[in-house]
Chemist: 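I have a structure I would like to understand better, so I am pasting it below and will then ask my questions one at a time.
Labels below follow one simple rule: chain letters A, B, ... track the order of the sequence lines, proteins then strands, and each chain is numbered from 1. Note that the structure is a prediction, hence the values are computed from the model and not measured.
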Amino acid sequence: MPEGPSIIILRELIEELHLSKPEVLEVAGNAKNFDKDRLLHKKIQSFKSWGKHFLICFDDFTVRIHFMLFGSYLINQSKKIPLKLGLIFKKDELNFYTCKVDLLEGNVNQHYNWENDVMADEWNCIAAIKKLKNMPEALVCDVLLDQQIFSGVGNIIKNEVLYRTRIHPLTKIANLTPAKLKALVNEARNYSFDFLKWKKENTLSKHWEAYNQKECPLKHVIDKKELGKTHRQTYYCTKCQKLYN
DNA sequence: ACGTATGTTATCCT
DNA sequence: TAGGATAACATACG
């Protein structure tokens, strides 16, 4: 569920309901880090997302849903596992499970820089390159997971972007050529949209070239190691992906 | 059946 | 004290 494109899919499914500023008639669930009565009888102004964050925006506060690793949602359906947050409108309902729910005070724009979201219209690749240049010692396998630079990128996107750009995960930012640095940043967005398309078609895993693979498309062995300070599983081909040093 | 994981953060160590 | 390791969340998949 968790990476950025999956949140876009949730947003699109809600759009298809054609709710216009729906009033919350009932609030359910065991989310208890804020008073759920805050939402009651208030109108939702918009549904937004920032990377892996799903945002339900009210007049002067926003409910933030983060699905973490195991989170899920159902629209106009429910299931047996404990409900974290349920919002009931006149005709529809949204149910969120196993997620982190937080309430952000004030205008949502004060909480987020939309330029960091690789899938947003506002995405700013120049700003991303600038941030990367300020961390020359960082490894590419770590920076791709940095939500302040590549909001929405997760471990699948990380591995696929590194394979597509033929960059070894342990390459330091300082050692990338300007062209490779640019390719890295551009592919973070580009692959995210392929992810979105394939996820909708239910063919995402079929298109993986490195993530979860035993061999790359050229039949070389794929190595699998926990790399970087993030210690996330990294799948890479030492023949196809160059270590810049 | 069991091991692993598309993620993040609080807390406990050193 | 900064940093790293660990646990926690509680589900789905192969």
Chemist: Would you call A/D194 and A/R164 a salt bridge, using N to O less than 4.0 angstrom?
Modeler: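 Between A/R164 and A/D194 there is a salt bridge, with a charged N closer than 4.0 Å to a carboxylate O.
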Chemist: Does A/K180 make a cation-pi contact with A/Y244 (under 6.0 Å, within 45 degrees of the axis)?
Modeler: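 That pair does not qualify as a cation-pi contact.
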Chemist: Please, what dot-bracket string fits DNA chain B when only Watson-Crick and G-U pairs with both distances under 3.5 Å count, crossing ones use [ ] and pairs to another strand use |?
Modeler: .||||.||||||||
Chemist: For A/Y211, which contact category applies under a 4.0 Å heavy-atom criterion: base, sugar-phosphate, or nothing?
Modeler: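 Since only primed, P, OP1 and OP2 atoms lie under 4.0 Å of A/Y211, the category is sugar-phosphate.
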Chemist: Can you tell me the distance, in whole Å, between the CD atom of A/E226 and the P atom of B/dT4?
Modeler: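 After rounding, the reported distance stands at 10 Å.
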Chemist: Take the protein atom CG of A/D102 and the nucleotide atom C1' of B/dT9, then report the distance between them rounded to whole Å.
Modeler: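 Atom CG in A/D102 sits about 11 Å away from atom C1' in B/dT9.
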Chemist: I need the CG-P distance between A/N212 and B/dT6, as an integer number of Å.
Modeler: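 Result: 8 Å.
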Chemist: Over 60° means perpendicular and under 30° means parallel, so classify the ring planes of A/W50 and A/Y112, tilted if in between.
Modeler: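 Ring orientation, 0 to 90° scale: tilted.
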Chemist: In whole Å, what is the span from the CZ atom of A/F67 to the P atom of B/dA5?
Modeler: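 After rounding, the reported distance stands at 22 Å.
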Chemist: Is any side-chain nitrogen or oxygen of A/H231 closer than 4.0 Å to OP1 or OP2 of C/dA5?
Modeler: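 Affirmative; the distance criterion is met.
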Chemist: Roughly, in whole Å, what's the span from CG in A/L162 to P in B/dT6?
Modeler: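 Atom-to-atom, A/L162 to B/dT6, this comes out as 14 Å.
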Chemist: Does NZ or CZ of A/R166 lie under 6.0 Å from the centre of the six-membered ring of A/Y163, at an angle within 45° of the ring axis?
Modeler: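 Ring-cation test returns yes.
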Chemist: Take atom CD1 of A/I65 and atom C1' of B/dG7, then tell me their distance rounded to the nearest Å.
Modeler: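 Rounded to the whole Å, the gap is 15 Å.
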Chemist: Go through the structure and list residues passing ring-ring contact (aromatic ring centres under 6.0 Å, His included) with A/F61, not counting sequence neighbours.
Modeler: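 Residues passing ring-ring contact (aromatic ring centres under 6.0 Å, His included) with A/F61: A/F58.
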Chemist: Ignoring backbone atoms, establish whether A/Q233 has a side-chain N or O less than 4.0 Å from OP1 or OP2 of B/dA5.
Modeler: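 A/Q233 to B/dA5 OP1/OP2: side-chain N or O found under 4.0 Å.
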Chemist: Please state whether the rings of A/F67 and A/F96 are parallel, tilted or perpendicular, taking 30° and 60° as the class boundaries.
Modeler: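 Ring orientation, 0 to 90° scale: tilted.
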Chemist: Any side-chain N or O of A/R232 less than 4.0 Å from the OP1 or OP2 oxygen of B/dT6?
Modeler: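 Yes, A/R232 has a side-chain N/O under 4.0 Å of OP1/OP2 on B/dT6.
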Chemist: Can you check each nucleotide of nucleotides 7-14 of chain C against protein heavy atoms at under 4.0 Å and return B for base, S for sugar-phosphate only, - for none, in 5' to 3' order?
Modeler: --BBBS--
Chemist: Taking 4.0 angstrom as the limit, do A/R38 and A/E105 come out as a salt bridge?
Modeler: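 Result for this pair is yes, salt bridge flagged.
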